[in-house]
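Before any comments, here is the structure.
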Amino acid sequence: MKTIDKLEAELVDRIYKLFLVKYAGNKSSFAKASNCTETTVRRVLRNEQGITINLLIRMAEALDTTSTELLKDLDLKNEGYK
């Protein structure tokens, strides 16, 4: 797996864990709070769709956190991305 894919998978995992706690698996409620479609939520959580900065910020807000906190401690160095 490419490094960037691993980072995105870790980010989605963090979002998913918070989503389960706050929304108890209710994708519809999470989508509404994130101002996106339920299809988008499903695709992101299944790693079928990448997350834009805009979507990351909206999801973080819906999860009562920040994009900075979600990205915390991920190795975001530019080397090795292909």
*Spell out, yes or no, whether Val41 and Leu20 are grouped together once hydrophobic residues are joined by side-chain heavy atoms under 4.5 Å, including indirect joins.*
yes

*Return each pair, listed once, that meets ring pair (Phe, Tyr, Trp, His ring centres under 6.0 Å) where at least one residue sits in residues 27-46; pairs must be two or more places apart or across chains.*
Phe19-Phe30, Tyr23-Phe30

*asked:* Between Glu10 and Arg14 (salt bridge meaning N to carboxylate O under 4.0 Å), is one present in this structure?
replied: yes

_Run the side chain to side chain contact (heavy atoms under 4.5 Å, CB included) test against Ser67 and tell me which residues pass, sequence neighbours left out._
Leu56, Ile57

_side chain to side chain contact (heavy atoms under 4.5 Å, CB included) partners of Thr52, counting only residues at least two apart_ = Asn54, Leu55

*List in chain and number order the residues that pass side chain to side chain contact (heavy atoms under 4.5 Å, CB included) with Thr65, two or more places apart in sequence or in another chain; answer none if no residue qualifies.*
Leu18, Ala60, Leu63, Glu69, Leu70

*CD1 of Ile53 to CG of Leu71: how many Å apart, nearest 0.5 Å?*
7.5 Å

*Roughly how far apart are Arg43 CZ and Cys36 SG, rounded to 0.5 Å?*
12.0 Å

_Among Leu11, Val44, Val12, the one residue meeting side chain to side chain contact (heavy atoms under 4.5 Å, CB included) with Met59_ = Val44

_Tell me which pairs pass ring pair (Phe, Tyr, Trp, His ring centres under 6.0 Å) where either residue lies in residues 49-69, with sequence neighbours left out._
none

*Can you list the residues that meet the side-chain hydrogen bond (donor to acceptor under 3.5 Å, both in side chains) rule with Ser29, with sequence neighbours excluded?*
Asn26

*asked:* Does anything in residues 53-62 form a salt bridge (charged side-chain N to carboxylate O under 4.0 Å, His left out)? List the pairs, not counting sequence neighbours.
replied: none

*Report the distance from atom CG of Asp13 to atom CD of Glu8, rounding to the nearest 0.5 Å.*
12.5 Å

*All pairs passing salt bridge (charged side-chain N to carboxylate O under 4.0 Å, His left out) where residues 27-38 contributes a residue, at least two apart*: Glu38-Arg42

_Pairs meeting criterion ring pair (Phe, Tyr, Trp, His ring centres under 6.0 Å) with involvement of residues 34-61, two or more places apart_ = none

_List the residues meeting side chain to side chain contact (heavy atoms under 4.5 Å, CB included) with Asp64, not counting sequence neighbours, and say none if there are none._
Lys22

*Is there side-chain contact between Asp5 and Asn47, with heavy atoms separated by less than 4.5 Å?*
no

_With ring pair (Phe, Tyr, Trp, His ring centres under 6.0 Å) as the rule and sequence neighbours excluded, what pairs involving residues 32-53 come up?_
none

_Going by the rule side-chain hydrogen bond (donor to acceptor under 3.5 Å, both in side chains), which residues pair with Ser28 if we only count those two or more places apart in sequence or in a different chain?_
none

